[in-house]
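For the numbers below, each heavy atom of this structure counts, side chains included, while hydrogens, waters and symmetry mates do not. Indexing begins at 1, ligand by ligand and atom by atom, following the structure's order.
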Amino acid sequence: MTARLVNVVDVEATCWPGSPPPGQVSEIIEIGLTVVDLVARERVAKHRILVRPRVSSVSEFCTSLTGLTQSEVDGGVSFADACARLVDEHEARKRGWASWGDYDRKQFTRQCAATGVDYPFGARHTNAKAVFAGDGRQVGMARALEITGLPLEGRHHRGDDDSWNIAALVLLMVERGSWRGV
Ligand code: AMP
Ligand code: MG
């Protein structure tokens with residue numbers, strides 16, 4: 001039996017037009033999380049956790065991409081506290097979760113390994129981008145919204161808005177009977 005609630009997660013991270021500057025590494029600065037009710041077939045909550053980077057800073061490039069500024073993320077929580085919140089407030093260990101592609105899962109895995117923070121999620125992760133593609137070509141979230149005629153709500157590359165829009169795509173797949181969540 002598939003569980004009723006799924007966390008749809010989208011992270012933003014420090015970034016540059018090319019490789020990170022010396023001494024810096026890409027770190028999570030925003031975690032967007034939309035809770036989807038697979039039975040009621042609706043999005044039931046939208047959350048945003050801002051995370052203070054430890055060894056990197058928000059470049060101008062990153063601000064233009066994500067809208068996030070250094071001063072904004074300076075007011076965020078530590079990565080360890082963000083992971084604790086995912087577990088304590090969002091049932092991250094118990095609930096299945098989904099993201100568009102494998103980037104978000106891999107970024108958590110990498111950053112947890114690098115910092116010694118416990119990985120906050122359970123084993124049930126679904127790559128919604130792969131499910132959407134089926135045997136066909138994989139496309140980005142914005143393109144998937146275009147293809148399906150769903151609106152891009154909010155700002156693209158803002159974590160909570162991205163998670164909200166990905167959640168709409170998940171619900172469309174549920175509606176169509178093509179959703180294969182774990
Ligand atoms: P997204 O969920 O598509 O908003 O992207 C997640 C993260 O991937 C961003 O916060 C960046 O760290 C990185 N990223 C996405 N697109 C780009 C890009 N065009 N150039 C560099 N980094 C990117
Ligand atoms: Mg995003």
Side-chain angles (χ1 to χ4, degrees), residues 6-36 43 45-79 82-83 85-86 90 92 97-115 119-121 125-133 137-148 150-173:
V6 172
N7 287 336
V8 177
V9 174
D10 185 88
V11 302
E12 303 304 323
T14 48
C15 55
W16 304 268
S19 313
Q24 298 196 39
V25 62
S26 182
E27 297 172 284
I28 292 172
I29 47 179
E30 183 183 38
I31 302 166
L33 187 154
T34 293
V35 183
V36 167
R43 295 170 284 190
K46 182 187 185 192
H47 304 278
R48 181 189 195 213
I49 304 173
L50 283 179
V51 187
R52 198 168 57 238
R54 204 170 58 150
V55 299
S56 62
S57 45
V58 179
S59 65
E60 271 179 36
F61 172 84
C62 190
T63 297
S64 59
L65 183 77
T66 65
L68 291 163
T69 62
Q70 182 65 45
S71 65
E72 205 174 355
V73 301
D74 279 344
V77 299
S78 67
F79 179 65
C83 288
R85 278 180 60 180
L86 289 172
H90 304 292
W97 67 296
S99 56
W100 199 260
D102 258 340
Y103 163 77
D104 306 80
R105 186 180 61 78
K106 286 181 177 165
Q107 179 62 32
F108 268 104
T109 303
R110 260 196 304 271
Q111 197 164 336
C112 285
T115 56
Y119 183 72
F121 299 102
H125 173 264
T126 304
N127 178 342
K129 185 185 195 175
V131 177
F132 184 81
R137 199 172 62 87
Q138 297 200 5
V139 296
M141 177 206 79
R143 181 73 191 121
L145 292 170
E146 259 174 35
I147 291 169
T148 53
L150 288 170
L152 196 163
E153 296 180 67
R155 186 194 192 284
H156 189 198
H157 300 302
R158 181 175 150 131
D160 57 347
D161 290 339
D162 282 355
S163 74
W164 182 257
N165 287 316
I166 294 163
L169 287 161
V170 169
L171 286 172
L172 185 73
M173 290 187 261

Considering all heavy atoms, the nearest V73-V51 contact: CB-O, 3.7 Å

Atom of N165, atom of P151 and distance for their closest heavy-atom approach: OD1-O, 3.5 Å

Residue shell around ligand 1, heavy atom under 4.0 angstrom: D10, V11, E12, A13, T14, C15, W16, F61, L65, T66, Y103, H157, D162

Step-by-step salt bridge (charged side-chain N to carboxylate O under 4.0 Å, His left out) determination, D161 to K46: CA-CA 8 Å; D161 290 339; K46 182 187 185 192; 2.7 Å; yes

Exam field: side chain [X] to backbone [Y], donor-acceptor pair closer than 3.5 Å:
{"X": "D160", "Y": "R48", "value": "no"}
{"X": "N7", "Y": "V35", "value": "no"}
{"X": "W100", "Y": "V139", "value": "yes"}
{"X": "D10", "Y": "G32", "value": "no"}

Under-2.8 Å protein N/O/S neighbours of the Mg ion (ligand 2), ordered by chain then residue number: D10 OD2, E12 OE2, D162 OD2

Test side-chain contact (heavy atoms from CB on, under 4.5 Å) applied to T34 and I166, step by step: CA-CA 9 Å; T34 293; I166 294 163; over 6 Å; no

Residues R43, E153; criterion salt bridge (charged side-chain N to carboxylate O under 4.0 Å, His left out); working and verdict: CA-CA 13 Å; R43 295 170 284 190; E153 296 180 67; 3.3 Å; yes

